[in-house]
Amino acid sequence: LVVAGGVLSVIQLVNELILLGVDARIVALFEDSAIYDWTRLYTRPIIFRNEQELMANFPETDIAVATLWNTAPWVAEMVKKGRAHESVYFIQDYEPWFFRKDKEGQRKRVKETYQMIDNKIVKSEWLLGVLDEDGFAAHKILLGMDLARFYPRDAKASGPPIVLAMARPGTPQRGFQSTIEALGQVKRTMPEVEIVLFGDRFLASQHIPFDYRDEGVVTNQDQLARLYSEADVFLDGSDFQGFGRCGLEAMACGAACVLTGVGGVTEYAKDGENSLVVPPKQPEAFAAAITKILNDSGLKQRLIKAGFSTVKAYCHKREAKQTLDYFRNILEPMSLT
């Protein structure tokens, strides 16, 4: 349990299932104490010291849910042992791609976990299609966000336009170099623009050739919503995103978005409608899209308005209800025997 978007999705879903009357628990081998300052938890996670302790003491349950490829064997074993009646695989990304192409053996190991659990949940049409190419069926339930937390705050003030970007040099596929090159071009073209970066504790150690405001790692979700709200443009220049929660969060808070059209982002990002969608690893295209929005107030307002309409479909309460319905359908045959 660490501060990460995929973990937030798990915690958020567990919280909402609890509010729907489910006895939902989180089981893990590690817990970062920072998560308690980061988001609400309506249950105390069960933390085991190692895999052996987890396997010996996993609580009896109707459904055990794997949330990462290396947890799938544990969940499958729980069903074999009779500690869980059914198993579900909560897949948020195409995890074979977590490993480089030359790590074919490791990629194969990840793919093999998809055979261990029949019931699979994905969050995007893109991931549904990728799994289908591998010969696996899945059920799509759209990701949910807490729209009572991500909404426009009264944060915009008179002053220079603000471009907000996620900058995570230590995280693969987040497009750090492309992002910095693009923002440098924007700064040279429009020196008055204020650049705001977030996502890394040690950004000052990186070579960034322009003035910027460093917000570091933002663990407070309300603070993050305020950052989105004060921004005129939000840029996620990732080379790839399993879903791209940040883009939706920014839309919900009233920022016009420039996003790369790869992976799960394509589930919600529509070029020229609710965002400007650009190819990954093309900083010139990033910069052109940002300056286009900053120079065209009509375009900016159209993107923001359409963004508000888009995020309505991504409520976390809807996600939890659909997930509970899916769980009930899985358990229904068992109740009839």
Side-chain angles (χ1 to χ4, degrees), residues 1-20 22-49 54 65 67-68 71 90 92-93 123 143-156 162 164-172 174 176 196-206 212-231 234 236 238 241-255 311 314-317 319-320 323:
L1 277 174
V2 296
V3 176
V7 175
L8 179 62
S9 293
V10 172
I11 293 173
Q12 180 178 269
L13 182 55
V14 168
N15 284 348
E16 290 304 313
L17 288 172
I18 289 170
L19 295 179
L20 290 173
V22 177
D23 181 8
R25 304 297 300 273
I26 297 172
V27 174
L29 297 184
F30 173 80
E31 175 187 83
D32 183 348
S33 60
I35 63 171
Y36 293 97
D37 295 323
W38 174 49
T39 191
R40 297 178 293 251
L41 285 91
Y42 296 161
T43 181
R44 184 75 186 188
I46 305 170
I47 308 299
F48 292 112
R49 291 175 297 179
L54 182 150
V65 183
T67 61
L68 188 66
T71 69
F90 185 70
Q92 300 189 69
D93 204 337
K123 296 298 173 186
L143 174 140
M145 296 192 308
D146 186 349
L147 298 179
R149 176 159 279 179
F150 289 98
Y151 61 89
R153 309 300 177 93
D154 188 15
K156 281 188 171 65
I162 294 175
L164 175 69
M166 179 178 59
R168 293 168 60 182
T171 304
R174 288 297 166 262
F176 176 73
V196 181
L197 303 176
F198 74 96
D200 190 81
R201 288 185 174 87
F202 307 107
L203 206 56
S205 66
Q206 301 291 323
Y212 64 96
R213 191 172 93 218
D214 182 7
E215 291 290 339
V217 176
V218 183
T219 58
N220 183 290
Q221 299 294 290
D222 290 304
Q223 180 188 352
L224 182 57
R226 285 191 290 272
L227 285 177
Y228 289 135
S229 297
E230 73 174 10
F234 169 72
D236 181 352
S238 296
Q241 281 276 18
F243 190 86
R245 171 187 286 271
C246 286
L248 270 180
E249 291 173 346
M251 283 183 186
C253 295
V311 298
Y314 293 87
C315 174
H316 64 313
K317 294 186 178 296
E319 178 192 24
T323 303

Of all heavy-atom pairs linking Gly254 and Pro152, the shortest is N-CG, 4.4 Å
Q) With a 4.5 Å heavy-atom cut-off, do Val65 and Val10 have their side chains touching? A) no
Residues Leu224 and Val218: closest non-hydrogen pair is N-CG1, 3.7 Å
Between Leu13 and Thr323, the two heavy atoms sitting closest are CD1-OG1, 3.8 Å
Taken to the nearest 0.5 Å, the spacing of Gln206 CD from Asp200 CG works out to 6.5 Å
When rounded to the nearest 0.5 Å, the distance separating CG of Leu1 from CD1 of Ile35 is 4.5 Å
### Query
Distance-only, no hydrogens or angles: does the Asp236 side chain make a donor-acceptor pair with backbone N or O of Gly244 under 3.5 Å?
no
Original post:
Is there side-chain contact between Tyr212 and Leu203, with heavy atoms separated by less than 4.5 Å?
Top reply: yes
(Q) Measuring only between side-chain heavy atoms, which start at C-beta, is Asp146 closer than 4.5 Å to Gln12? (A) yes
Do the non-hydrogen side-chain atoms of Arg149 and Asp222 ever get within less than 4.5 Å of each other?
yes
Interatomic distance, OG1@Thr43 vs CD1@Ile18, rounded to 0.5 Å, equals 5.0 Å
In this structure, CD1 of Ile47 is separated from CZ of Phe30 (nearest 0.5 Å) by 9.0 Å
Contacts of Arg213 meeting salt bridge (Lys or Arg N to Asp or Glu O under 4.0 Å) (sequence neighbours excluded), chain-then-number -> Glu194, Glu215, Glu230
Value for OH (Tyr314) from CZ (Phe150), rounded to nearest 0.5 Å, stands at 16.0 Å
Residues at least two apart in sequence or cross-chain that pass salt bridge (Lys or Arg N to Asp or Glu O under 4.0 Å) with Arg174, listed by chain then number, are none
message: Does Phe202, at its CZ atom, have more than 12 non-hydrogen atoms belonging to other residues, nucleotides or ligands within less than 6.0 Å?
response: no
Find out whether Val27 and Phe48 are in side-chain contact, i.e. whether some heavy atom of one side chain is under 4.5 Å from a heavy atom of the other. yes
Determine the interplanar angle of the Phe234 and Tyr228 rings, folded into 0 to 90°, and report it as parallel if under 30°, tilted if 30 to 60°, perpendicular if over 60°. perpendicular
Separation between NZ (Lys123) and CG (Asp93), nearest 0.5 Å, reads 13.5 Å
Close side-chain approach of Arg168 and Ser238, heavy atoms under 4.5 Å: no
Across all chains, not counting sequence neighbours, the salt bridge (Lys or Arg N to Asp or Glu O under 4.0 Å) partners of Arg44 are Glu31
> Between Arg153 and Tyr151, is NZ or CZ placed under 6.0 angstrom from the six-membered ring centre and within 45° of the ring axis?
Replying inline: yes
Q. So, Gln92 side chain and Gly6 main chain: donor-acceptor pair closer than 3.5 Å or not?
A. yes
What one should report as the nearest heavy-atom pair of Ser9 and Arg245 is OG-NH2, 2.6 Å
Shortest non-hydrogen pair, Ala320 vs Leu17, comes out as O-CD2, 3.8 Å
When every non-hydrogen atom of Ile26 is compared with those of Ile11, the smallest separation belongs to CD1-CG1, 4.0 Å
